[in-house]
Amino acid sequence: MIRGIKGIKDITPDEIPKWSVVERSAHALAQAFGFHEIRIPVFERTDLFVHSIGGTTDIVEKEMYTFPDKDGTSLTLRPEGTAGVVRAFIERGLKTYEASRKLYYIGPMFRHERPQAGRLRQFHQFGVEYVGSSDPSADVEVITLLWRYFSALQLPGLSLELNSLGQLADRQAYKEELVSFLKTKADGLCENCRRRLETNPLRTLDCKVPKCREATTDAPFLTGFLSTSSKEHFDRVLQGLQALAIPYSINPRLVRGLDYYSMTTFEVSSSVLGAQNAIGAGGRYDGLFETLGGVPTPAVGFAIGLERVILALPDSSLPELEPWVFVASFGKKGREVGNTLMDSLRSHHLKADTDYTASTLKTLLRSADRLNAPYVVIIGDDEAANNQVILRNMATKEQEIHALDSASTAIRKRLGFRKHVET
RNA sequence: GUGGGUGUAGCUCAGUUGGUUAGAGCGCCGGAUUGUGGAUCCGGAGGUCGCGGGUUCAAUUCCCGUCACUCACCCCA
């Protein structure tokens, strides 16, 4: 047997109802906020990700699926969505279309990590990018969409954390101060963090190793190094969230793992998820356009891990099933009539199905029961001879007789089915 | 990349100091009910005990290796 790849899952039909809800809500809400869908490739030149995500991040250092194209060009399966969206934005000149300043995407991402609960090698993200505005209202709008999305799906145990990384200059001043502080504590740091001292000192702050937490307890926080304008921006974001009654807490240790973030960063986690509890996160990335060769353009966005959303999704968020009928036809003539009626119902987009492996009324009904059919149309040779059909309500066991020639419309009416055929 | 746990029927799991035909519940198929599902009763099908090697008269059980799954670390959505 040829097996699937480690960490890459099939989404089977029984899981699809949850995926449908999660995806439909994403489309509906993003569009309600004025975002437009964009579909970008699942692979790009490796350079794009190295430059945008940052060469010293774990993602780039060891988690990318990278392979040479036939001409030797290094290509990579996208580990996240923002880089590709920004690339497309610059390359396609999307700024000339006002509508394209607010973009969203849904699709698979790839990272070579050890799989565990809520972490897969192919996973799916719903992300948005609000391009072109440095106004704190844009941050607020993006965070609001993130929060409203989770609320609409009734995900339990959520909390929103915010931080500001300041502008580049703020961060550089802070970095120097932080490094000199950390050097006095170097003995108390884990091996990883001692390396980070050189490569990415900010990340020592959200290290989970207890002795590192202890060592950094008295570390200076970035908050104290924010410029007046950075501070004002952050304050206005907080005010905006308060005005919309979105609950948040400030976490000065919240440092995002991707290099391109600046100013506002945020993360939503769920207490019902286990170790991988970050369910959606993002921030402002005002410098990324320039890094990727575009004109300097402010932007803010988020990404949500859909597998994690689905893990946290309560059954009560699933929609009620659409009504449908099971056609229980048997006998030579009965089958003929049944198949004709079934085709008529389907042509009107009412779901109608049967089970050709069942040939007696008993087995047909059992099959209908197993499929949770709310209604069954019974057509044996007797009914066929009389030009009648029986409509059985499976829950109440009530049966009514309909004339064959009006059966299709009568059944649709009985089920309260209103869908029209699009021509 | 590093640790821990688990691999026995379609699913969830038992399996007693190693002992002869490996069990249960659920599910599935059939019958009781020859044109009326779910409940009940009766019967039935279904297993290379993950794979490879070793110890032994004998291994699902003990040892080694290996693969898979899983949880956690790391990291992140």
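Both backbone and side-chain heavy atoms feed into the values below; hydrogens, waters and symmetry mates do not. By convention in this document, chain letters (A, B, ...) are assigned in the order of the sequence lines, proteins followed by strands, and residues within each chain are numbered from 1. What you see is a predicted model; the values in this text were computed from it and never measured.
Stem analysis of RNA chain B (Watson-Crick or G-U pairs, both distances under 3.5 Å, runs of at least three) returns B:1-7 with B:67-73, B:10-13 with B:23-26, B:28-32 with B:40-44, B:50-54 with B:62-66.
Across all strands shown, A/Phe330 has heavy atoms under 4.0 Å from base atoms, whether or not it also approaches the sugar-phosphate. Among the atoms of the strands shown, only primed sugar atoms or phosphate atoms (P, OP1, OP2) are found under 4.0 Å from some heavy atom of A/Arg370. Contacts of A/Glu63 with the nucleic acid, taken as non-hydrogen atoms under 4.0 Å apart, involve only primed sugar atoms and P, OP1 or OP2. Using a 4.0 Å heavy-atom distance criterion, A/Arg308 is classed as a base contact. Within 4.0 Å of A/Ile310, counting heavy atoms only, lies no atom of the nucleic acid at all. Within 4.0 Å (heavy atoms only), A/Leu258 reaches sugar-phosphate atoms of the nucleic acid but no base atom. Base contact: A/Glu383 has a heavy atom under 4.0 Å from a base atom. A/Ala368 comes within contact range of no nucleotide atom at all, as no heavy-atom separation falls under 4.0 Å. When heavy atoms are screened at a 4.0 angstrom cut-off, A/Gly118 is found touching base atoms of the nucleic acid. Residue A/Lys62 is out of contact with every strand shown, counting any heavy-atom pair closer than 4.0 Å.
Looking only at atom types and distance, the side chain of A/Thr360 has a donor-acceptor partner in the side chain of A/Thr363 under 3.5 Å away. A/Asp14 and A/Thr12 share a donor-acceptor pair across their side chains, judged by distance under 3.5 Å alone.
Test A/Trp19, A/Tyr105, A/Tyr149 against A/Phe126 for ring pair (Phe, Tyr, Trp, His ring centres under 6.0 Å) and you get one pass: A/Tyr149.
Applying the salt bridge (Lys or Arg N to Asp or Glu O under 4.0 Å) test to pairs two or more places apart or on separate chains, those with a residue in residues 350-379 of chain A are A/Arg346-A/Asp353. Note on residues 39-48 of chain A: pairs passing side chain to side chain donor-acceptor pair (under 3.5 Å), not counting sequence neighbours, are A/Glu37-A/Arg39, A/Glu44-A/Arg87, A/Thr46-A/Ser74, A/Thr46-A/Thr76.
Salt-bridge annotation for A/Glu307 and A/Lys9: absent, with no side-chain N of the basic residue lying under 4.0 Å from a carboxylate O of the acidic one.
Contact annotation: A/Arg78 side-chain N/O to B/A77 OP1/OP2 distance is not under 4.0 Å.
Within 6.0 Å of the CD atom in A/Glu176, the count of heavy atoms belonging to other residues, nucleotides or ligands does not exceed 12.
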